[in-house]
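Each remark here refers to the structure printed beneath this line.
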Amino acid sequence: PEGIPAIAKEMIEKQTKEMKADRIGAVEHSLGLAKKMKKAKDKSKAKNLEDYVALPVYKQKRTVADYSKLWNKVNEK
């Protein structure tokens with residue numbers, strides 16, 4: 001006795017529920033990707049900073065004798 005309007009109403013409600021679930025899934029997926037991207041960016045920044053600081057020290061190739069001379073100069077003053 002309910003007929004076509006009841007069926008249409010059920011279909012609309014079902015479609016609405018599916019759309020909500022799909023949207024929630026899409027938002028969760030987007031947030032997950034954003035978190036991963038931020039983590040990767042932070043790791044990259046840390047690595048770049050480490051390279052920026054470590055590279056000049058590595059290029060200098062100072063020996064213990066160099067540091068001893070430097071220490072002596074500092075202590076003279």
Side-chain angles (χ1 to χ4, degrees):
E2 296 176 3
I4 294 176
I7 294 171
K9 183 178 179 182
E10 288 176 18
M11 289 175 63
I12 291 170
E13 288 173 356
K14 181 181 174 186
Q15 186 67 26
T16 303
K17 285 180 185 178
E18 288 176 4
M19 286 178 57
K20 284 182 183 179
D22 289 345
R23 287 182 182 168
I24 290 170
V27 169
E28 287 174 345
H29 179 72
S30 296
L31 289 174
L33 286 176
K35 286 179 184 178
K36 287 180 183 177
M37 289 172 62
K38 183 176 182 332
K39 250 186 209 178
K41 186 177 178 183
D42 291 345
K43 274 187 179 180
S44 176
K45 281 182 182 178
K47 178 71 174 136
N48 288 342
L49 180 61
E50 183 179 299
D51 290 346
Y52 180 75
V53 172
L55 191 59
V57 173
Y58 177 74
K59 283 185 176 179
Q60 290 175 2
K61 294 185 181 179
R62 293 187 180 227
T63 62
V64 174
D66 294 333
Y67 286 109
S68 295
K69 290 176 191 175
L70 181 62
W71 182 254
N72 290 335
K73 285 182 184 179
V74 170
N75 287 329
E76 286 176 4
K77 295 181 180 180

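FYI, the numbering just counts along the sequence from 1.
- Judged by distance alone, with hydrogens and angles left aside, the side-chain atoms of Ser44 form no donor-acceptor pair with the main-chain N or O of Ala40 at under 3.5 Å.
- Glu13 contributes atom CD, which lies 7.5 Å from atom CD of Glu10 (distance to the nearest 0.5 angstrom).
- Annotation: Leu33, atom CG; neighbour count of heavy atoms from other residues, nucleotides and ligands within 6.0 Å is above 12.
- The distance from atom CD1 of Ile4 to atom CE of Met11, rounded to the nearest 0.5 Å, is 11.0 Å.
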